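Quick notes on the structure that follows.
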Amino acid sequence: MTFHAKFSGYADPALHSAGLYIGGKWQSGRGITVLDPSTGNLLAEVADASIEDAQRAVDAAHAAAAGWRATPARQRSEILRRWYQLMTQHAEELATLIALENGKALVDARGEVAYAAEFFRWYAEEATRIPGEFRRTPSGSHNILVDHEPIGIAVLITPWNFPAAMATRKIGPALAAGCTVILKPASETPLTAYAMARLGEEAGVPPGVVNVLTTSNPGGIANAMLADSRVRKLSFTGSTGVGRVLLAEAAKSVVSCSMELGGNAPFIVFDDADLEAALDGAMIAKMRNAGEACTAANRFYVQAGIHDAFVAGLTARMMSLKIGPGYDPETQCGPMITQNAVRKIDRLVSEALAAGARATTGGKPLTENGYFYPPTVLENVPVNASIAREEIFGPVAPVYKFESDDEAIRLANNTEYGLAAYIYSRDLKRAMTVGKHIETGMLGINRGLMSDPAAPFGGVKQSGLGREGGVTGILEFMEPKYYAVDY
Ligand code: NAP
């Protein structure tokens with residue numbers, strides 16, 4: 001890996017890695033450039049794995065598999081716990097790396113590191129509590145004994161928007177379950193993944209248990225690994241489009257898939273909501289990571305009686321945010337990940353404006369260096385605009401007015417996605433009743449933030465398959481084995 005001079009000043013050089021991490025060895029290389037989204041300048045260059053490198057990674061994961069599977073749960077747990085402690089000790093360097101390569105504000109990056117590390121602590125605890133079952137059959141003919149075994153080698157593919165947390169949310173349960181893994185982080189944000197692998201080494205993760213590859217050929221590499229019969233699990237977080245492609249590829253060798261895909265979260269505010277609480281929640285649900293989150297509120301449905309006050313309050317809060325590079329401690333809204341991301345947001349906003357929406361703040365990209373889009377609030381947005389159907393993935397809050405509870409439910413469910421949703425109301429009975437009808441994997445009631453390593457994270461409809469985190473997350477990396485027993 002080579003580094004731009006500016007970069008070296010920010011993070012602990014001990015965390016800098018040389019490139020691909022396979023079988024406990026670092027392999028230097030070049031070919032993938034990492035840009036600073038705040039300036040567009042080169043930050044670093046990392047190795048570009050070939051298909052042969054990916055095959056070597058599967059070999060390494062296979063060579064380590066039997067030993068790791070046989071390692072007592074308590075020992076696996078202690079390694080994860082040490083990894084958690086090292087991430088916590090190095091939290092500031094990791095947060096700086098994330099702010100540099102992803103662009104998110106330091107305050108968000110620090111939050112991400114704490115959240116990411118917590119997956120190692122949670123799964124250090126869960127590693128020692130893998131469930132089993134013992135029952136008599138209903139007919140009384142024999143006993144049913146169910147054990148859970150590690151599923152086998154897991155390929156983990158992660159996006160750029162949470163470079164640390166999306167990796168630990170998969171590595172934690174996989175290692176706790178007894179699986180060995182190959183992580184392919186996003187090309188835009190590989191530095192955090194490599195830095196975490198360094199810490200994993202220090203924590204005592206044996207060679208080959210965790211392998212990390214960056215590549216400019218994600219489709220080719222993924223297909224090659226999925227075609228290898230030793231790979232039994234694919235855990236993917238990313239867009240629904242890529243998820244569909246990978247599901248089709250995994251079907252060829254019937255590989256078990258966990259899919260954390262896109263979202264289009266509705267944020268419903270009823271007339272009886274506490275306005276200030278709803279605005280606080282709206283800012284968290286919309287502006288964490290400058291809107292680049294799968295759980296980000298994408299559609300604000302606000303009841304007629306509170307609509308104008310909500311729009312005014314949200315506009316004032318959005319206008320007050322300080323825009324700047326993520327690594328500037330004053331920044332509250334960093335840049336988008338790429339120029340393409342800015343173009344997509346611009347297209348969605350321009351189409352909405354042309355269809356009759358009005359921007360109460362923001363509404364067009366900023367012209368300075370870097371990939372900046374300003375915090376934007378839109379009102380009068382037609383409910384069928386593209387911005388209501390597509391993930392915005394940026395700091396834009398489109399607000400739609402509604403009248404009745406039934407209308408809110410119908411509008412909220414009018415999407416192929418079903419990852420997250422939010423409801424604000426002082427009437428808990430109403431919120432729970434409406435919530436029952438919302439097609440979603442996760443629902444925040446009077447809360448703008450729901451992610452928690454101890455809770456099951458995931459979506460319904462085209463937002464995904466399976467759940468990460470919580471007590472069931474470990475089972476995504478295990479196969480139940482049924483023993484029919486008589487004695
Ligand atoms: P993406 O384009 O789908 O990429 C995700 C990962 O897949 C990256 O590592 C990417 O590699 C890789 N990839 C791309 N094409 C591939 C292919 N043909 N085969 C195998 N891998 C391939 O998504 P993104 O833009 O990074 O992330 C944003 C999306 O992730 C949004 O839709 C967001 O909602 C979703 N997301 C979901 C969750 C969740 O938990 N549900 C969490 C976070 C994000 P390269 O970087 O090399 O292209």
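A quick note: this is a predicted structure, and the numbers were derived from the prediction, not measured. Indexing begins at 1, ligand by ligand and atom by atom, following the structure's order.
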Mind checking side-chain contact (heavy atoms from CB on, under 4.5 Å) for Ala61 and listing every partner two or more places apart, or none if nothing turns up? Ile153, Thr180, Ile182, Asn211

Closest heavy-atom pair, Pro382 versus Tyr400, reported as atoms and distance to 0.1 Å, is O-CE2, 3.6 Å

Indicate the atoms forming the closest heavy-atom contact of Ala195 with Leu94, along with that distance. CB-CD2, 3.9 Å

Distance-only donor-acceptor hits, side chain of residues 253-268, under 3.5 Å, sequence neighbours excluded:
unit_1, atom_1, unit_2, atom_2, d
Ser253, OG, Leu226, O, 2.7
Ser256, OG, Lys233, NZ, 3.0
Ser258, OG, Lys233, NZ, 2.8
Ser258, OG, Glu476, OE1, 2.4
Asn264, OD1, Asn298, ND2, 2.8
Asn264, OD1, Arg299, NE, 3.0
Asn264, ND2, Ala388, O, 2.9
Asn264, ND2, Thr415, OG1, 3.3

Kindly list each side-chain donor-acceptor pair under 3.5 angstrom involving residues 158-165, sequence neighbours excluded, with atom names and distances?
unit_1, atom_1, unit_2, atom_2, d
Asn161, ND2, Glu292, O, 3.2

Please name the residue in the list Lys104, Arg288, Arg169 that meets the salt bridge (Lys or Arg N to Asp or Glu O under 4.0 Å) test with Glu112. Lys104

Check ligand 1 against the protein and report each N/O to N/O distance under 3.5 Å, formatted as atom name, atom name, distance.
unit_1, atom_1, unit_2, atom_2, d
ligand 1, 3 (O), Ser239, N, 2.8
ligand 1, 3 (O), Ser239, OG, 2.6
ligand 1, 9 (O), Thr158, O, 2.7
ligand 1, 9 (O), Lys184, NZ, 3.1
ligand 1, 11 (O), Lys184, NZ, 3.0
ligand 1, 23 (O), Ser239, N, 3.4
ligand 1, 25 (O), Trp160, NE1, 3.0
ligand 1, 26 (O), Trp160, NE1, 3.1
ligand 1, 30 (O), Gly238, O, 3.3
ligand 1, 32 (O), Glu391, OE1, 2.6
ligand 1, 34 (O), Glu391, OE1, 3.4
ligand 1, 34 (O), Glu391, OE2, 2.5
ligand 1, 40 (O), Arg169, NH2, 2.7
ligand 1, 40 (O), Glu260, OE1, 3.4
ligand 1, 41 (N), Leu261, N, 3.3
ligand 1, 41 (N), Leu261, O, 2.8
ligand 1, 46 (O), Ser187, N, 2.9
ligand 1, 47 (O), Lys184, NZ, 3.4
ligand 1, 47 (O), Ser187, OG, 2.5

